[in-house]
Amino acid sequence: MMKIILGFPLTVLLILLLLLPDVGEAIGVCYGTNGNNLPVASEVVSLYKSNDIGGMRIYNTDGATLNSLKGSNIEVIMEVAEVDIINIAKYKKAAKGWVKYNVINFWPAVKFKYISVGNELILNNSIEKYILQAIKNIEAALSIAGVGGMIKVSTAVDMGVLYKLYPKRPPSRGVFLKSAATYLKPIIKHLAKTSAPLLFNVYPYFTYIKNKAQIPLEYAMFNASGTLVTDGQYSYNNLFDVLVDSMYVAMEKASSDGSQVPIVVSESGWPSRKGDSANITNAQTYNSNLIHHVKKGTPRRSGKPIETYIFAMFNENQNPAGYERHWGLFYPNKNPVYPINFYC
Ligand SMILES: *[C@@H]1O[C@H](CO)[C@@H](O)[C@H](O)[C@H]1NC(C)=O
Ligand SMILES: *[C@@H]1O[C@H](CO)[C@@H](O)[C@H](O)[C@H]1NC(C)=O
Ligand SMILES: CC(=O)N[C@H]1CO[C@H](CO)[C@@H](O)[C@@H]1O
């Protein structure tokens with residue numbers, strides 16, 4: 001009898017614990033620095049902490065940022081800048097230097113999770129042919145430094161690498177453009193071998209504004225209960241899942257072991273001003289729904305949370321004029337553009 005009386009609340013407690021969200025696990029925010037009025041790095045890191053943002057993507061190797069991140073427990077995606085890629089691909093010594101200076105100097109006080117060799121460099125770029133070798137040289141340098149396999153190395157791609165995205169093609173017909181496949185096939189094969197994810201910048205916003213006649217706004221913002229597209233056994237009620245699953249299919253087609261490579265959503269967001277369907281309500285709706293949605297995975301990877309980084313932390317006044325200056329969750333004065341809860 002006693003056991004049952006004691007056991008009951010314990011069971012309830014356990015169930016409650018299981019129901020608790022894995023706080024801050026899957027959500028990060030991109031710290032873009034294309035503004036001349038942004039807070040200093042130490043204040044930015046404090047802002048991440050006070051908002052329980054557990055991940056940060058940075059597009060540089062700024063020493064002040066890395067020093068501020070020490071001991072913060074924030075997981076970091078750091079970038080190998082475009083200008084450094086060719087050297088790092090050509091010279092193992094350059095890779096070793098980069099790793100020593102930017103990683104080992106701060107490790108393990110800074111929790112580097114991924115290193116992205118470039119951002120959106122596949123297609124139309126003379127550097128794309130160096131990306132895989134740069135990935136390999138950075139990995140070798142990490143190994144020599146004793147942290148091999150602890151920090152995964154990858155690259156970030158945009159939606160432009162996919163051939164005729166939805167609404168032209170359903171996810172099952174997802175495939176890389178030929179010119180992108182040349183570079184991505186060996187990269188995917190390599191990522192499967194190293195158990196690293198592909199970093200994918202996913203913007204339902206762009207697909208929506210280009211196809212408004214076919215895609216009602218609610219489907220772009222996770223706000224629809226109906227079906228946007230039925231694709232064999234899979235049924236989609238939002239555009240984000242369509243785009244991510246198109247990429248999964250393309251990766252499977254590109255390499256026999258492509259299905260082993262997970263996707264990390266390395267950017268996604270919605271502007272709050274100065275663009276088609278860009279206002280605070282829509283941005284808040286998209287980003288809060290995104291935070292909840294990614295816990296559930298996509299139809300083709302159901303139940304598998306997608307690690308996701310929202311673009312971006314701040315409105316950046318040195319981006320091209322228009323909506324590109326209004327992706328931020330915060331104004332440069334650190335006030336929120338709209339309330340958003342990173343707990344789910
Ligand atoms: C390459 O760049 C040109 C000019 O900027 C653009 O028109 C074209 O769509 C791009 N191609 C791809 C595949 O991104
Ligand atoms: C935001 O835009 C949507 C249409 O995209 C519109 O329905 C809504 O009223 C707008 N909200 C505000 C606050 O302007
Ligand atoms: C119609 C509808 O479902 N609206 C919801 C869209 O998403 C926001 C943010 O989660 C909700 O507050 C709305 O109720």
Side-chain angles (χ1 to χ4, degrees), residues 19-30 48 51-55 159 165-167 201-230 234-245 265 267-299 301-317 319-333 335-344:
L19 289 175
L20 278 175
D22 53 293
V23 173
E25 264 277 281
I27 294 296
V29 176
C30 301
Y48 272 70
N51 283 279
D52 296 302
I53 304 169
M159 304 193 298
L165 272 170
Y166 185 83
N201 298 345
V202 188
Y203 287 97
Y205 175 72
F206 292 128
T207 308
Y208 165 69
I209 60 172
K210 281 186 226 149
N211 301 282
K212 286 170 77 168
Q214 293 100 315
I215 306 173
L217 179 63
E218 307 80 66
Y219 290 93
M221 304 199 307
F222 307 98
N223 244 175
S225 50
T227 298
L228 178 64
V229 53
T230 303
Y234 304 108
S235 148
Y236 292 84
N237 66 6
N238 69 83
L239 186 52
F240 176 88
D241 282 350
V242 169
L243 300 171
V244 172
D245 273 356
V265 170
E267 285 182 11
S268 191
W270 197 286
S272 63
R273 274 190 77 199
K274 302 254 173 157
D276 191 344
S277 309
N279 62 32
I280 286 182
T281 314
N282 289 351
Q284 180 179 27
T285 300
Y286 178 82
N287 281 326
S288 18
N289 287 343
L290 176 73
I291 289 168
H292 286 92
H293 180 77
V294 292
K295 299 277 170 190
K296 297 180 220 152
T298 66
R301 297 286 188 278
S302 188
K304 222 179 137 229
I306 312 162
E307 189 179 339
T308 297
Y309 293 76
I310 296 175
F311 190 87
M313 192 63 175
F314 298 106
N315 284 338
E316 293 167 73
N317 68 1
N319 276 343
Y323 67 84
E324 292 288 9
R325 293 184 182 174
H326 300 279
W327 293 99
L329 301 172
F330 292 88
Y331 294 107
N333 68 7
N335 286 333
V337 176
Y338 41 86
I340 190 149
N341 195 344
F342 296 91
Y343 293 104
C344 333

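Just so it is clear, the values below take in all heavy atoms, side chains as well, and ignore hydrogens, waters and symmetry mates. First listed ligand is number 1; within each ligand, the first listed atom is number 1.
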Check your understanding: For ligand 2, what is the set of protein residues having any non-hydrogen atom at a distance below 4.0 Å?
Key -> Leu217, Ser277, Asn279, Thr281, Asn282

Review point. Would you say atom 12 (O) of ligand 3 touches the protein, meaning some protein heavy atom is under 4.0 Å from it?
Key: no

Point to revise | Parallel, tilted or perpendicular: rings of Phe240 and Phe222 (30°, 60°) | key: tilted

Study note, to complete from the structure: ligand 3 atoms nearer than 4.0 angstrom to some heavy atom of Thr285 are 6 (C), 7 (O), 8 (C)

Check your understanding: Under 4.5 Å between any side-chain heavy atoms of Trp270 and Asn289, yes or no?
Key -> no

Please identify which of these residues, [options], meets the side chain to side chain donor-acceptor pair (under 3.5 Å) condition with [X].
{"X": "Tyr236", "options": "Asp245, Thr227, Asp241", "value": "Asp245"}
{"X": "Ser268", "options": "Tyr205, Tyr286, Tyr203", "value": "Tyr286"}
{"X": "Tyr338", "options": "Thr281, Asn287, Thr285", "value": "Asn287"}

Approximate separation, where rounding is to 0.5 Å, of [X] [atom1] and [Y] [atom2]:
{"X": "Thr298", "Y": "Asn238", "atom1": "OG1", "atom2": "CG", "result": "9.5 Å"}
{"X": "Ile215", "Y": "Thr207", "atom1": "CD1", "atom2": "OG1", "result": "6.5 Å"}
{"X": "Ile306", "Y": "Ile27", "atom1": "CD1", "atom2": "CD1", "result": "9.5 Å"}

Study note, to complete from the structure: Of Ile291, Asn287, Asn289, the residue with the heavy atom nearest atom 9 (C) of ligand 3 is Asn289

Check your understanding: To which protein heavy atom is atom 7 (O) of ligand 3 closest, and what is the distance rounded to 0.1 Å?
Key -> Asn223 ND2, 2.6 Å

